[in-house]
There are 4 protein chains.
Amino acid sequence: MTDRSVAQEAKRRQLLDAAVRVFARKGFHTARVGDVAEEAGVSHGLLYHYFESKDELLQAIFVATWTELLESLAAVEDSGEPAREQLRQVAAILLRSWRRQPDVVRVIVQEIGRGGELGSRSADLRAVVDSIERIIRRGQESGELRAGLDARLAATIFYGGIDEFLTSWVFGLVPDGDDAVAAAERTLLDVVCGGLAVGAGAPA
Amino acid sequence: MTDRSVAQEAKRRQLLDAAVRVFARKGFHTARVGDVAEEAGVSHGLLYHYFESKDELLQAIFVATWTELLESLAAVEDSGEPAREQLRQVAAILLRSWRRQPDVVRVIVQEIGRGGELGSRSADLRAVVDSIERIIRRGQESGELRAGLDARLAATIFYGGIDEFLTSWVFGLVPDGDDAVAAAERTLLDVVCGGLAVGAGAPA
Amino acid sequence: MTDRSVAQEAKRRQLLDAAVRVFARKGFHTARVGDVAEEAGVSHGLLYHYFESKDELLQAIFVATWTELLESLAAVEDSGEPAREQLRQVAAILLRSWRRQPDVVRVIVQEIGRGGELGSRSADLRAVVDSIERIIRRGQESGELRAGLDARLAATIFYGGIDEFLTSWVFGLVPDGDDAVAAAERTLLDVVCGGLAVGAGAPA
Amino acid sequence: MTDRSVAQEAKRRQLLDAAVRVFARKGFHTARVGDVAEEAGVSHGLLYHYFESKDELLQAIFVATWTELLESLAAVEDSGEPAREQLRQVAAILLRSWRRQPDVVRVIVQEIGRGGELGSRSADLRAVVDSIERIIRRGQESGELRAGLDARLAATIFYGGIDEFLTSWVFGLVPDGDDAVAAAERTLLDVVCGGLAVGAGAPA
DNA sequence: AATGAATGAGTTTTCATTCAT
DNA sequence: TATGAATGAAAACTCATTCAT
């Protein structure tokens, strides 16, 4: 029975992976359930053994990804590092996810980060910005970061920069090799913490 | 005949506005042609007198929005103002002109990324970030902005911040009155130009 | 506009008639929506202009038939005739409906009189028995009918006899010409009013 | 091997009982094979060890129910009792034995009428009414029952009364305790043998 | 210009049945 | 025997698009 459960979980995972690839390639709406099944090498009927509906497939992708992500962010927040270092780690986690699982990022960015199908998930989206906001706020309280700025708005900008990099990569608007990802990370920190203005950016 | 053309153009515009509202509310794929017609208060059959297809509706929205936008940005670039002021104006234009229809922009971006009818338009998309990039680059060349940063990446971050504000408003994650828009604009400039770090942001 | 309404109503009727024929021939579950459309000579898509779903088609058949029927029964009840004559008329109305519209009776008997799809309609079914019960009760009060019997149960038996004749005809278990219908009507009255037992049935 | 056969037969019976309950509750078409399996507490796959198909399940129910029933009726016919007593016993058998599964009878009747897998069974259906008819006819020949009435039609009415009681109970239109069953039986005999009309029903 | 009836390709979903274990 | 994963035919329903009026 555990054997069966394990096998079942593995199969679910396999179908989910296929769905991620197909949704990334064709988009959720354009992809047919049969496409996902074909990609997974099974009949479309089987999908309905493991998932209630096409929508649940998308939800499941989101949940799996987001749960893992939020745990990583919590670990960063609890690390006790300086605010800037924590922000760097947040950026690293999010930006590098593109290299590790570009298809997942693609689906999330296209179908979920945007209004499309899952408006209900907006609360989860907010959780990421919340985390960044807390880091910034603590940095301000500890005197490490400038106090005059609204932490919520600053967090939004920081997250927006990350999101835009991912979007740019997803749409192929900019190069996206390992170096590019590292450069994006560095520049984001530099800009957001140091500022663009001359005389602003004290060496990090 | 001019009279007729004018009336025709007005009607087209009216239908386009309805489409913008509907697509923004439900997303392009989810919205039905009948929804757009209903929103415009006409029969769905009439839409096909003015537009070839549902896709053309999207194209038309894109062209109308983007053309106007790129013209505004070009004017800003040609204004001869300092870089920071130009960035402020860009932020103002984007935040204010899109506040009414941010989801449409998202839908467009998604459709382009997916390579459907709009696949050919991706160059236009990039043009906005290009414009910001040019402003930053000139600011660096004139010595107004720090030279050490990659202008393209910085432009992406700047644009991403704007985009994220729009998203936040759409999802209601943040208040979106006129004051909020002004605050977002101010904070964006402050963060991106001045930096978050203490000692960084000398008042511009 | 009235013109259009009239045409629309006529079309609805036409589709309903086709549905009756098809459901009578193949049964509701076995019949496909496309069969009904084909019978009506239209595309299946058009059915959904006029009816919400396959189920609504069945409901509509029932409602149209039943409304008419209940009106006829009300007229009988209000006629002031003796109870036995009223019962005769009720039997006549119900039994002769088989000759007038056998397909409708077929559908009602198969799909609705039985539990199948429309348990919700049982209240309407009851209305017919209610009507018969009132006639019997008044006959008992006026001294025309024996008082010792439960009017509800007697009404159930009377209605059951009618229903069984219809069922027998539907399933072809007995002859069903005009003469047979008349004989059924006569025998039903004779049995239920006069009784089977010798010495029982004083000539009515 | 006999042991095995016995065990196998018991299991078959158990599955059949489950099927009866489920078909009665949801109707044959609406019920899924999985529902029957669940009701029986086994996997749906196992059903196919005992029955060829869903249709065979229905066939088997029919055969089991009907065989038993016809044997009972034959015993009544052979009992040598007066006609009225025989009719009473028939009513008792049908009302009592079907009270537990009236919908199954309906489902069977419907399926037969529709000419599916059960189309060949319609002769068996008729056999019940045939039996009643013979009892009435013999009663007429022996002088116990009025001769002027068509025995076939009278049998149909008698059977219809029984059927309608079952329907009423299924729909909850009438109380269905043991007392109610007894009252129905008594009234049916009273009405059909004695007649509703005043002066008709000499006390049986 | 304007309407909405009509079409039909395309999609998701269900479920009886099979079969490897 | 017993399980439930796997299959795929079949069916309801949607909706962009056309076209007669």
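In what follows, chains are A, B, ... by sequence order, proteins preceding strands, each numbered from 1.
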Query - Sugar-phosphate only, base, or nothing, as touched by D/Phe51 at under 4.0 Å among non-hydrogen atoms - result: nothing

**Report entry** Residue whose closest nucleotide on DNA chain E lies nearer the 5' end, A/Val33 versus D/Ser53
**Finding:** A/Val33

Query - Nucleotide E/dC15, atom P - distance to CG of D/Leu57 in whole Å - result: 16 Å

Query raised in the report: Counting side-chain heavy atoms from CB outward, which of E/dA1, E/dT18, E/dA16 is closest to B/Gln8?
Result: E/dA1

Requested in this report: Indicate, with a heavy-atom threshold strictly under 4.0 Å, whether D/Ala31 touches base, sugar-phosphate, or nothing.
Outcome: sugar-phosphate

**Report entry** From F/dA6, E/dG4, E/dA16, nucleotide with atom closest to B/Ser43 side chain
**Finding:** E/dG4

Requested in this report: Would you mind reading off the distance between D/Glu38 atom CD and F/dT3 atom P, rounded to a whole angstrom?
Outcome: 13 Å

Report task. Return the 5'-most residue of the pair A/Gly45, B/His44 with respect to DNA chain F, ranking by each residue's nearest nucleotide. Result -> A/Gly45

Query raised in the report: CZ of A/Arg12 versus C1' of F/dA5: gap in Å, rounded?
Result: 15 Å

Report task. Show the numbers, then the answer: is there a side-chain contact (heavy atoms from CB on, under 4.5 Å) between B/Gln59 and B/Phe51? Result -> CA-CA 10 Å; B/Gln59 290 262 10; B/Phe51 301 95; over 6 Å; no

Query raised in the report: Taking CD from D/Glu52 and P from E/dT17, how many angstroms apart are they, rounded to a whole number?
Result: 10 Å

Requested in this report: Searching all strands shown, indicate the nucleotide that pairs with F/dA9 (Watson-Crick or G-U wobble; both distances under 3.5 Å).
Outcome: E/dT14

Report summary line: Under a 3.5 Å limit on both distances, the Watson-Crick or wobble mate of E/dT21 is F/dA2

**Report entry** Worked check of salt bridge (charged side-chain N to carboxylate O under 4.0 Å, His left out) between B/Arg13 and B/Asp17
**Finding:** CA-CA 6 Å; B/Arg13 185 80 216 172; B/Asp17 286 347; 3.7 Å; yes

Query raised in the report: What's the CG-P distance between A/Asp55 and E/dT13, to the nearest Å?
Result: 7 Å

Query raised in the report: Separation of B/Leu15 atom CG from E/dT3 atom C1', in whole Å?
Result: 14 Å

Query - Verdict with reasoning, A/Tyr50 to A/Gln8, per side-chain contact (heavy atoms from CB on, under 4.5 Å) - result: CA-CA 8 Å; A/Tyr50 293 90; A/Gln8 174 143 348; 3.8 Å; yes

Query - Partner of C/Asp35 under side chain to side chain donor-acceptor pair (under 3.5 Å), chosen from C/Arg25, C/Lys26, C/Arg21, C/His44 - result: C/Lys26

Query raised in the report: Is there a side-chain polar atom (N or O) of A/Lys11 under 4.0 Å from OP1 or OP2 of F/dA6?
Result: yes

Report task. Tell me whether the OP1 or OP2 atom of E/dT7 has a side-chain N or O from C/Tyr48 closer than 4.0 Å. Result -> no

Query raised in the report: Could you state the CG-C1' distance from D/Leu46 to E/dC19, rounded to the nearest angstrom?
Result: 14 Å

Query raised in the report: Honestly, is A/Lys54 close enough over A/Phe28, meaning NZ or CZ under 6.0 Å from the six-membered ring centre and within 45° of the axis?
Result: yes

Report task. May I have the distance from C/Lys54 (atom NZ) to F/dT14 (atom P), rounded to whole angstrom? Result -> 15 Å

Requested in this report: Return the nucleotide paired to F/dC15: Watson-Crick means purine N1 to pyrimidine N3 with N6-O4 or O6-N4, wobble means G-U with N1-O2 and O6-N3, both under 3.5 Å.
Outcome: E/dG8

Query raised in the report: Under 4.0 Å between a side-chain N/O of D/His49 and OP1 or OP2 of F/dT1, yes or no?
Result: no

